[in-house]
Amino acid sequence: MVGYRKRSLPWWKYTVEASAPILPVPVSLLSGFLGAGKTTLLKRILEEAGDKKVAVVVNDVAAINVDANLVRGTRTLANNETLVELQNGCICCTLRTDLVKAIAELANERKFDAIVVESSGVSEPEQVAEMFTVKLGNADGKKSKFGSEGDRRGVSEAARALRGANTLDEVARLDTCVTVVDCAAFSGDLTTPKDLVERFGSREKGDGDANPGDDRSVGQLLMHQVEFANVILLNKCDLVTDAEAAAVEASLHALNPEAEVIRTKRSKVPLEKVLSTGLFSMQKVLDSPGWLQHMRNNKVTQTREYGISSFTYQSRTPFHPVRLFNFLNDHFLVCLDEEEDDEDDNEEEDQEMSEGVEETRHQEDEDGVEEEEQGKPPLVVRQQIVEEKMSRQHQNLGHILRSKGFVWLANRDDVSGSWSQAGTVLELGCGGPWMGLMPEDMLPEEGSDEREMIERDIAGPVLLDRRQELVFIGRDMNCDAIVAALEKCEVTRKEASDARAAAGDDKNGGRYLRKDEWKLKLDNLKMAPIGEDPFPLWPTLEEMDLRGEGGDGNDHAGQGHGHGH
Ligand SMILES: Nc1nc2c(ncn2[C@@H]2O[C@H](COP(=O)(O)OP(=O)(O)OP(=O)(O)O)[C@@H](O)[C@H]2O)c(=O)[nH]1
């Protein structure tokens, strides 16, 4: 028989070990639009936390932290909970290092069972999540290259707060991303013609959260918050009928099938659904958007309840740029970016990317804002334009909530187009080189899932992976009409032959070309009489400098298969 000897520890060991929470402390990140119910949820968490010690970090972009005052105004902070206010900036851009510092300091107090961060309405949870794994410094006091020059002090302060840890997640781990959605405002926010300042108020004027230089659309921001969530609270259900709530719930399930969607009134939810759930993992949440799952699983169509459906449009014929633009412009507000991201502009920013942090668009300087605003029609006019486009869309195609993927434009054979639509706004810009043109050693490892997906897309040595692949998620969508409309945008054999003939390649009117080859080298494609090529120039393969800092294989493997926000 094995002997057993009872050992006792000195009393101080018991107290320390029994009460000090083990690092890393779980962090819940609350996102959601202005007025969705985040502060209401936060107050509820504090009121119902019982024995749990919860620290809160509240971010208000304005100089006066209204939310902090609201929380402080309740009796909820009576139990030694701590409230940290981060104001005059946004935790996903200008206050990133302040956030790391605040969380690290709270975690190192070793008295909290959980930390809850309430972000401002305009912040993107993905940008906050990235901060947990950014290397800020190490025990030797070395600092990583991170942040803009002006933020070096912030970086060293944050690094110091980590007390020797390299990354925040060594002391505090992101545990749950909760997005609160206002059920009554969801559809309106997706289709609003308002810009962020009109929707959220202006930080500059001190009446809201948005930065006047911020060109993100309201619908795209909402979509990012919904897609990057483990738990979605569908709040304010008291303001809609059951059927309306069910329809929004079905939409959210389609947009993010991995998230748990919980209908709430006044953000009333069992705390175990939002605290210490253990649900967050970066890979899982990046993989969770409905469009990506649809694309990955190679699903063609899927029908759900409440008229929600999704399908993928696939084709190996390029679009005629003018016809495509005209079709899009009839049904959406079209934004044509020259490049999907502009973070590759200089070496320093490349370095930041490699550290896992990129400059976000809403901290851009505000140069040119006035000019842009001067050119913008007044809201009533934009409202009218949107109503016309939406009514045409609903009548011809149904309600398209979200579509995403990439496109092949005739006369741009080397570079894919990246298509991202949320509600009213559709963005189409350069999506990087086709995978088939990437040097072999820059592709993901052979045998990996990413590599298999790329190989699956290669349609032969000429066409390679050039194709249209677009996932549509919507309500009462007329899939046949969408497919027919997109097919009409494709370049015809006659147009291609004429284009080749115009380039002096007219021996047989193009007929000597193999079936797949007539789709390529259409630089002389005729745009008139229907118009000029409306798409701005995209960088060429040479300009992209595939082997440069910005062109690593993994990054581009993300094209179409990664998160692609
Ligand atoms: N009718 C109704 N009102 C709600 C509900 N939840 C919150 N509210 C109210 O909506 C308003 C905004 O709620 P908040 O919790 O402050 O929203 P928030 O997301 O924190 O908003 P910001 O802090 O401004 O970004 C408050 O007046 C709440 O009382 C709900 O479920 N139904």
Side-chain angles (χ1 to χ4, degrees), residues 28-48 54 56-74 76-77 83-93 95 99 116-125 128 176-189 192 194 196-203 205-211 214 216 218 221-222 224-226 228-229 231-242 244-246 248-249 252 261-271 273-274 362:
S28 294
L29 175 64
L30 312 185
S31 306
F33 272 17
L34 181 89
K38 299 181 295 296
T39 310
T40 308
L41 173 62
L42 186 58
K43 288 198 283 185
R44 194 174 283 287
I45 291 172
L46 291 171
E47 272 160 8
E48 295 177 8
V54 180
V56 297
V57 179
V58 181
N59 176 213
D60 234 324
V61 175
I64 298 166
N65 207 326
V66 180
D67 287 341
N69 290 339
L70 276 174
V71 174
R72 205 184 291 104
T74 64
T76 49
L77 285 172
L83 176 129
V84 177
E85 302 172 46
L86 297 177
Q87 60 203 57
N88 239 346
C90 174
I91 53 167
C92 85
C93 53
L95 298 183
L99 177 69
V116 181
V117 177
E118 181 190 348
S119 22
S120 74
V122 291
S123 85
E124 295 196 18
V128 178
T176 319
C177 281
V178 183
T179 293
V180 186
V181 171
D182 181 337
C183 191
F186 179 75
S187 302
D189 278 333
T192 182
K194 290 182 179 172
L196 284 188
V197 169
E198 288 159 344
R199 172 68 177 86
F200 290 100
S202 160
R203 191 185 149 202
K205 290 185 188 146
D207 64 0
D209 281 359
N211 194 328
D214 195 337
R216 294 170 300 164
V218 174
L221 178 59
L222 176 61
H224 287 169
Q225 293 183 350
V226 164
F228 199 90
V231 178
I232 301 174
L233 291 201
L234 185 52
N235 194 36
K236 301 201 177 179
C237 282
D238 55 313
L239 300 181
V240 296
T241 63
D242 255 11
E244 283 165 337
V248 179
E249 187 179 349
L252 294 171
V261 182
I262 306 170
R263 283 196 227 177
T264 55
K265 292 175 187 164
R266 306 229 160 247
S267 304
K268 187 165 175 49
V269 62
L271 290 203
K273 294 285 185 189
V274 291
H362 67 291

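Numbering of ligands and ligand atoms starts at 1, following listing order.
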Looking only at non-hydrogen atoms, the one of Asn235, Thr264, Val180 nearest atom 6 (N) of ligand 1 is Asn235

Q) Any nitrogen or oxygen of Leu41, main chain or side chain, under 3.5 Å from a nitrogen or oxygen of ligand 1? A) no

Filtering Lys265, Lys38, Lys236, Arg263 for the heavy atom nearest atom 5 (C) of ligand 1 leaves Lys236

Honestly, for Leu239 the part within reach of ligand 1 (heavy atoms, under 4.0 Å) is side chain

Is there a salt bridge (Lys or Arg N to Asp or Glu O under 4.0 Å) between Lys265 and Asp238 once you walk through the steps?
CA-CA 6 Å; Lys265 292 175 187 164; Asp238 55 313; over 6 Å; no

Atom 16 (O) of ligand 1: of Thr39, Leu30, Val58, the nearest heavy atom sits on Thr39

Any heavy atom of Leu34 under 4.0 Å from ligand 1? The part involved is both

For Glu244, the salt bridge (Lys or Arg N to Asp or Glu O under 4.0 Å) test, sequence neighbours excluded, returns none

Counting from 1 in the order shown, the ligand 1 atoms closer than 4.0 Å to a non-hydrogen atom of Asp238 are 1 (N), 2 (C), 30 (C), 31 (O), 32 (N)

A student checking ligand 1 against Phe33 at a 4.0 Å heavy-atom cut-off should list atoms 19 (O)

Taken in chain and number order and not counting sequence neighbours, the residues that satisfy side chain to side chain donor-acceptor pair (under 3.5 Å) with Ser187 are none

Before signing off on this row, confirm whether Gly121 and ligand 1 have an N or O atom pair separated by under 3.5 Å.
no

For residues Arg216 and Val122, determine if any side-chain heavy atom of one lies less than 4.5 Å from a side-chain heavy atom of the other. yes

Closest to atom 14 (P) of ligand 1 by heavy-atom distance, out of Asn59, Thr40, Val240, Asp182, is Thr40

Heavy atoms of Val226 and Ile232 approach each other most closely as O-CD1, 3.8 Å

So the atoms of ligand 1 within less than 4.0 Å of a heavy atom of Glu118 turn out to be 20 (O), 23 (O)

